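Shown next, in structure tokens, is the structure this report addresses.
Here the structure is a predicted model, which means the values were calculated and not measured. All chains are named by letter (A, B, ...) in the order of the sequence lines, taking the proteins before the strands, and each is independently numbered beginning at 1.
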Amino acid sequence: MPKITYISSDGAEHVVDAENGLSAMEAAVRNNVPGIDGDCGGMAACGTCHVYVDRAWLGKTGAAREGVERDMLSVTDGAADNSRLACQIALTEELDGLVLRLPSGQH
Amino acid sequence: MTQAAGDAPRRVVVIGAGHGGAQLVAFLRQFGFAGSIVLVGDEAGIPYQRPPLSKAWLKGETTLDKLAMRPASFYAEQKIELRSGLRAEGIDTAARQVRLSNSEQLGYDELVLATGSYPRALPLVAAGLGNVLALRALPDAEKLRAALAPGKRLVIVGGGFIGLECAATARDLGAEVVVLEKAPRLLERVASAPISQFLHRYHEARGVTVVVDASITAVEGQGRAEAVRLADGRRFACDSVLVGIGAVPATALAEAAGLACDNGVCVGADCRSSDPHIFAIGDVARRPHPLYGTALRLESVPSSLEQARLVAAAIAGREPGPPEVPWFWSDQYDLKLQMAGLPVAVDEVVIRGQPEGAGAEFAAKFAVFHLSQGRVTCVEAVNQPQAFMAGRKLIGSGKTVPAARLADPAVPLNELAA
């Protein structure tokens with residue numbers, strides 16, 4: 001069970017024991033982490049699960065994927081090179097300890 | 001709307017455990033509401049996501065566990081009392097009590113009606129035809145799944161989103177599919193003509209028989225539907241029929257309680273009904289939309305979630321977020337449709353990108369922007385998430401934008417929306 005830390009823009013931390021196979025969005029929703037709503041259920045259609053990957057982890061999560069995810073983020077306010085849609089990050093043991101920060105608009 | 005801490009309601013009862021109701025109770029806890037919460041749902045089991053029912057679930061690409069919005073343990077952990085398999089049968093607004101189908105009386109300080117809608121029935125169908133299906137809930141999807149296999153003939157009545165998503169899934173599963181739409185074009189109530197025409201061709205190219213202006217005169221068969229007959233004499237033999245001709249708001253409970261109803265429970269911009277202690281959200285609520293002024297009953301997951309956030313904030317004594325631009329999505333085959341806004345007072349329509357290539361080839365990457373006095377009021381994007389995001393932003397900001405630049409694929413969308 002990878003441990004994932006979500007940090008809101010006001011600094012509040014939510015640490016979640018995630019099940020393998022879930023996405024970082026699903027793990028947040030299942031644990032009621034504020035600011036990650038996942039309105040579309042994980043179809044990369046809504047942009048409500050925007051997160052910034054802690055730079056130390058970017059090598060393991062990878063950057064936003066070419067296609068829908070990158071297209072959505074290219075027009076998202078405040079998106080940066082470490083932006084991802086949490087619904088597109090599949091959680092594995094390799095990501096145990098992952099730190100994700102939330103944009104100020106999501107709380 | 002903000003309540004002083006001392007007046008915080010002690011018990012919130014939510015009737016309906018679909019997207020709106022189930023999210024509302026989660027938002028209440030996120031927003032720090034510490035009172036008691038009861039979520040009453042008439043289906044068995046825990047709340048689940050409905051959009052995959054016409055897609056991934058039918059194809060067997062997802063599991064019950066993934067379909068659930070949250071695991072069963074969530075409700076106990078969050079001290080949310082989940083009462084599944086029970087209907088609310090009456091509201092005593094004076095005593096602030098709800099009577100459940102097991103005769104239990106539940107007191108409330110605030111009540112939220114999230115009763116949703118149910119599929120409109122096709123009037124011509126005799127009662128008890130077991131192979132005439134609708135799609136709303138998990139048991140419906142189970143029946144439909146059993147009806148889909150290579151070579152099975154499915155006639156879909158209604159060329160709306162449910163019908164078209166199921167047509168696409170059924171084709172992917174090898175079934176033979178006919179879509180009958182009584183309007184002159186598909187999606188007439190909910191999409192523009194260029195989108196309708198594109199989807200019409202796209203479904204036909206994938207082997208769906210699409211009939212518009214279809215006037216059904218009979219559903220034939222004894223004990224089960226064997227064919228659907230049209231006024232022009234055509235007859236479509238079938239193994240099953242799926243009816244997707246719209247939804248009716250489930251207002252019976254509200255009406256019996258004397259709440260103002262008119263094609264939905266009439267609520268204010270804050271989702272409060274004519275009773276100050278009863279809110280309504282989602283498919284069942286007709287609400288004056290803050291961005292449009294007119295009262296709208298929006299049947300969509302995003303709209304029910306926006307209203308869930310709004311009501312949870314009001315009950316928890318937290319500032320509501322800014323109004324959201326209404327939006328919607330649909331997946332069909334390899335197409336991702338995303339739409340935002342409403343086509344209100346449109347005086348110009350521009351298409352960015354090519355709806356199709358040469359011959360039978362589809363480029364399938366385009367967007368339709370609807371403008372009113374130089375401002376985007378609605379966007380419909382096919383496989384163009386950037387256009388959807390940019391359009392949604394432009395609708396929200398009300399910024400004027402030259403139509404010619406919107407139509408020019410060489411002009412970056414993030415520049416236009418900035």
Side-chain angles (χ1 to χ4, degrees), chain A residues 1 6 8-10 12 14 16-23 25-50 64-80 83 85 87-88 90-91 102-107, chain B residues 19 23 25-32 49-52 55-56 62-63 65-71 73-74 77-78 80 300-306 308-309 321-322 324 327-331 336-338 381 383-394 412-418:
Chain A
M1 298 238 293
Y6 301 86
S8 68
S9 59
D10 65 6
H14 291 263
V16 161
D17 285 317
E19 266 173 76
N20 278 322
L22 292 182
S23 72
M25 179 278 287
E26 290 169 315
V29 167
R30 285 172 177 230
N31 290 279
N32 223 14
V33 175
I36 297 189
D37 289 349
D39 285 2
C40 72
M43 306 304 295
C46 67
T48 59
C49 66
H50 176 202
R65 274 182 274 173
E66 197 75 50
V68 179
E69 185 185 7
R70 198 170 290 184
D71 286 351
M72 290 290 289
L73 287 167
S74 73
V75 198
T76 297
D77 284 329
S83 286
L85 293 177
C87 68
Q88 302 301 305
L91 298 177
L102 274 62
S104 59
Q106 286 170 220
H107 48 79
Chain B
H19 281 265
Q23 278 301 107
V25 297
F27 287 136
L28 278 172
R29 288 295 184 235
Q30 275 186 29
F31 297 169
Q49 308 176 62
R50 295 188 199 275
K55 302 170 284 256
T62 189
T63 60
D65 181 53
K66 286 280 232 181
L67 204 60
M69 288 189 210
R70 297 184 167 84
S73 57
F74 172 85
E77 281 162 19
Q78 297 281 330
I80 292 163
S300 75
V301 168
S303 171
S304 72
L305 298 186
E306 181 196 16
R309 275 188 275 268
E324 293 172 33
W327 73 280
F328 188 78
W329 87 95
S330 174
D331 294 310
K336 186 178 207 66
L337 272 82
Q338 293 163 291
N383 287 345
Q384 261 215 340
Q386 286 172 307
F388 163 73
M389 289 295 277
R392 190 163 74 165
K393 234 159 125 175
L394 285 166
L413 285 159
N414 47 4
E415 252 173 53
L416 287 173

To the closest 0.5 Å, what do you measure between [atom1] ([X]) and [atom2] ([Y])?
X: B:R29; Y: A:N32; atom1: CZ; atom2: CG; answer: 9.5 Å
X: B:Q30; Y: A:H14; atom1: CD; atom2: NE2; answer: 8.0 Å
X: B:H19; Y: A:D39; atom1: NE2; atom2: CG; answer: 10.5 Å
X: A:C46; Y: B:W327; atom1: SG; atom2: CH2; answer: 4.5 Å

Open item on the list: Assess whether a salt bridge exists between A:D71 and B:K336, defined as any Lys/Arg side-chain N lying under 4.0 Å from an Asp/Glu carboxylate O.
Closed with: no
Task: A:S74 backbone acceptor or donor facing B:Q386 side chain under 3.5 Å - done: no
TODO: Kindly say whether A:V29 contributes a backbone atom to a donor-acceptor pair with the side chain of B:R70 at under 3.5 angstrom?
DONE: yes
Open item on the list: Quick check for you: among A:G35, A:G21, A:G41, A:A45, which has the greatest number of heavy-atom pairs under 4.5 Å with chain B?
Closed with: A:A45
TODO: For each of A:D37, A:T76, A:L73, tally heavy-atom pairs with chain B at distances under 4.5 Å, and name the one with the top tally.
DONE: A:D37
- [ ] Test side-chain contact (heavy atoms from CB on, under 4.5 Å) on B:K55 and A:M43 and set out the steps.
- [x] CA-CA 12 Å; B:K55 302 170 284 256; A:M43 306 304 295; 5.9 Å; no
Open item on the list: Does any backbone or side-chain atom of B:A417 lie under 4.5 Å from a heavy atom of chain A? Answer side chain, backbone, both or neither.
Closed with: side chain
Task: chain A contacts, top residue of B:R309, B:Q23, B:Q78, B:E306 (heavy-atom pairs, under 4.5 Å) - done: B:R309
Open item on the list: Under a 4.5 Å cutoff for heavy-atom pairs, which residue among B:P52, B:G321, B:P71 has the most contacts with chain A?
Closed with: B:P71
TODO: Would you name the heavy atoms of A:V68 and B:P385 that are closest together and state the gap between them?
DONE: CG1-CG, 3.9 Å
TODO: Give the minimum heavy-atom separation between B:F74 and A:R30, together with the two atoms involved.
DONE: CD1-O, 3.3 Å
- [ ] Begin with the C-alpha distance, continue with both residues' side-chain angles, and end with the deciding distance and a verdict on side-chain contact (heavy atoms from CB on, under 4.5 Å) for B:K393 and A:D77.
- [x] CA-CA 9 Å; B:K393 234 159 125 175; A:D77 284 329; 2.8 Å; yes
